[in-house]
**Student:** 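This is the structure I want to talk about, given as structure tokens.
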2 protein chains.
Amino acid sequence: MSDRHDSPVQMPVFEYAACTATLRRRILGNNPLFSDLQEGDIKEVNRRFSSQSFDQGETVIRAGQRAERFYILATGAAKLIQPQESGRMVLHDILSTGDYFGAIFGFGYGPGEYGETVITDSPMCSISIDSRAFRSILTDYPKVALRAVDAFSNRLSLAYEMLGRLGSSSVESRIAFVLLRLAAKLGRPWEGKTLIHAPLTREDIASMAATSTESCSRVMSDLRKRGLIDAGRRWVAIVDPPGLEELLS
Amino acid sequence: MSDRHDSPVQMPVFEYAACTATLRRRILGNNPLFSDLQEGDIKEVNRRFSSQSFDQGETVIRAGQRAERFYILATGAAKLIQPQESGRMVLHDILSTGDYFGAIFGFGYGPGEYGETVITDSPMCSISIDSRAFRSILTDYPKVALRAVDAFSNRLSLAYEMLGRLGSSSVESRIAFVLLRLAAKLGRPWEGKTLIHAPLTREDIASMAATSTESCSRVMSDLRKRGLIDAGRRWVAIVDPPGLEELLS
DNA sequence: CGTGGTCTTGAAGCACCTCAAGTTCGGTGG
DNA sequence: CCACCGAACTTGAGGTGCTTCAAGACCACG
């Protein structure tokens, strides 16, 4: 093949970062959830969180387990996965710094179980808090609760948008959408392109776009030949964002 | 055709209810959002809401408009619709008493536009509040904010479940899921069946299940012949819930 | 230098969509 | 009260985008 992608670009490196106290403070301070808080309040909130670190491939929480903790991802990346009854796994999102997961439901509401599984994609470090303690933070600091509402409604509208696209467009358009979404969230400039900073397999992308690995591979090969994206083993970069956007049916 | 569905069952009637002051109070009092509030607080909250009524087929809010109000549906039913760039309309939900819609985003967040269109399915009455005033309610009454977080996270997990099913199952299974979901939300006992209390066309159901009207019609005819559901013009009833559940791949 | 996971490519089959026509029914006006 | 009209629904037939199955190539890793 002539235009085979030759130089296997330098893979994005996922540095291992210890969950130091300073890192914790920084994560909390930068998180939109707590951006309305005073310095002293953040210190107080920080005390209620604990931190933990994981190797690549570890399961942080598992769907079906009792939902006891609320997590904020500090460094690294993780997959947000929904297991289907059929056994198939659906990938909903790649979580990165500042993203939330875990227990977020009320006690009376729902069965009190995690709805999704989270598996690390790299060495990862997170901070977490008992869900009851988190709820008391929300009542102690109403502005945090307001931010939480915002965060959820944002994620909800994203889910709704994806739902709309899933039903009414081609595989190519869905993949383009997934790639643009990931690039917006995880993109880093690299050789004039936008590298999606996460180890993404074709299967991952296929799962997010609700298609098969093979179809995903075919479409992405085509996109590469057309100069819209660049991709190799476990990595993807966007070359021509406007061109990709035109594909969103 | 032999087993043609003969007697066009008495259509569910959507009574017109005026947005009286007592109704308003009742809606607020029964809504989980305010269930932690004292009698006096509810009275105070009630004062900040206004009410409005609509005829069938009216557009309450339109996607793209400036998001200025937060709504709670009081009586009647409405469609939550997402317009696609392609012109296609995707039906996300049938809203009924107690459901929220409208402005729910933070001011810094997002473009401050409604993301969806809401069109009444029957005469409808709703109460609403300026989104800034609603946000100050959330900060004034932290427990309400907590309930809001719960409500959104519930809707989010529902959306995620639907996302998972859309990609990985057959049209039949998707339609079964949509029908069960609607029945859980809008079902009313009727002649030993569970009537979905809303005027649903095949097109509506097809849109929710991300399929074509024709495929939806075919599948539903089949389900009827197998005795799992019953259906006519603009109505559906579940006959055999366990039977339907078996179809969820 | 082998081994396994990742990715590609081909070919066959099918579930679903689209197009098209016809039927049924609820509503409306004569 | 009946005849008509249009919306909702059904059914058929054909085409196809996608999945599935299968095999091979590539590359990172030990």
**Student:** Provide, to the nearest angstrom, the distance between the CG atom belonging to A/Asp222 and the P atom belonging to C/dC7.
**Tutor:** 17 Å
**Student:** Contacts to DNA chain D from residues 211-218 of chain A, heavy-atom cutoff under 4.0 Å, which residues?
**Tutor:** A/Thr211, A/Ser212, A/Glu214, A/Ser215, A/Arg218
**Student:** Could you list all the salt bridge (charged side-chain N to carboxylate O under 4.0 Å, His left out) pairs where at least one residue sits in residues 157-183 of chain B, not counting sequence neighbours?
**Tutor:**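 Non-adjacent pairs meeting salt bridge (charged side-chain N to carboxylate O under 4.0 Å, His left out): A/Glu85-B/Arg165, B/Glu161-B/Arg165, B/Glu172-B/Arg226.
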**Student:** Tell me the interatomic distance from B/Arg224, atom CZ, to C/dT24, atom C1', rounded to whole angstroms.
**Tutor:**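 Rounded to the whole Å, the gap is 11 Å.
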**Student:** With each end axis built from five pairs of C1' atoms, what bend angle do you get for the helix from C/dC1-D/dG30 to C/dG30-D/dC1? Round to 10°.
**Tutor:**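 Angle reported: 40°, given to the nearest ten degrees.
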**Student:** Return the value, rounded to whole Å, for the distance between atom CD of B/Glu172 and atom P of C/dA15.
**Tutor:**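 That distance rounds to 12 Å.
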**Student:** What integer distance in Å separates B/Met220:CE from D/dC9:C1'?
**Tutor:** 10 Å
**Student:** Output the rounded distance in Å from CZ (B/Arg202) to C1' (D/dT10).
**Tutor:**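 From B/Arg202 CZ to D/dT10 C1': 9 Å.
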**Student:** Does this structure show an ion pair linking A/Lys185 with A/Asp93, if we count only N-O contacts that are shorter than 4.0 Å?
**Tutor:**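 Yes, A/Lys185 and A/Asp93 are salt-bridged.
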**Student:** Nearest whole angstrom, please: distance from the C1' of C/dG5 to the CD of A/Gln56.
**Tutor:**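 Distance check: A/Gln56 CD to C/dG5 C1' gives 14 Å.
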**Student:** Using the side-chain contact (heavy atoms from CB on, under 4.5 Å) rule, pick out the option among A/Leu80, A/Thr59, A/Leu73 that qualifies with A/Val118.
**Tutor:** A/Leu80
**Student:** Under 4.0 Å between a Lys/Arg side-chain N and an Asp/Glu carboxylate O for A/Arg224 and A/Asp230?
**Tutor:** no
**Student:** Apply the side-chain hydrogen bond (donor to acceptor under 3.5 Å, both in side chains) test between A/Asp121 and each candidate in A/Arg234, A/Lys79, A/Gln56; give the one that qualifies.
**Tutor:** A/Lys79
**Student:** Does OP1 or OP2 of D/dC9 have a side-chain N or O of B/Arg233 closer than 4.0 Å?
**Tutor:**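 Checking B/Arg233 against D/dC9: no side-chain N or O falls below 4.0 Å of OP1 or OP2.
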**Student:** Among D/dA8, C/dT6, C/dC16, which is the nearest nucleotide to the side chain of A/Arg234?
**Tutor:**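 Of the candidates, C/dT6 comes closest.
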**Student:** Would you mind reading off the distance between B/Asp121 atom CG and D/dA8 atom C1', rounded to a whole angstrom?
**Tutor:** 15 Å
**Student:** Can you tell if the side chain of B/Ile127 reaches within under 4.5 Å of the side chain of B/Tyr71, non-hydrogen atoms only?
**Tutor:** no
**Student:** What distance separates A/Ser126 OG from A/Phe101 CZ, expressed to the nearest 0.5 Å?
**Tutor:**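 Spacing of OG (A/Ser126) from CZ (A/Phe101) equals 5.0 Å.
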**Student:** How close or far is atom C1' of D/dA28 from atom CH2 of A/Trp235, stated in whole angstroms?
**Tutor:**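 Roughly 15 Å, once rounded to whole Å.
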**Student:** Indicate yes or no: at least one non-hydrogen side-chain atom of A/Asp240 is less than 4.5 angstrom from one of A/Leu228.
**Tutor:**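 A side-chain contact exists here, since the closest heavy-atom pair is under 4.5 Å.
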**Student:** Using 30° and 60° as the class boundaries, would you call the ring planes of B/Trp235 and B/Trp190 parallel, tilted or perpendicular?
**Tutor:** perpendicular
**Student:** Consider the side chain of B/Thr201, meaning its heavy atoms from C-beta on, and name the nucleotide among D/dC9, C/dT8, D/dT11 that approaches it most closely.
**Tutor:**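 Among the listed nucleotides, the one closest to the side chain of B/Thr201 is D/dC9.
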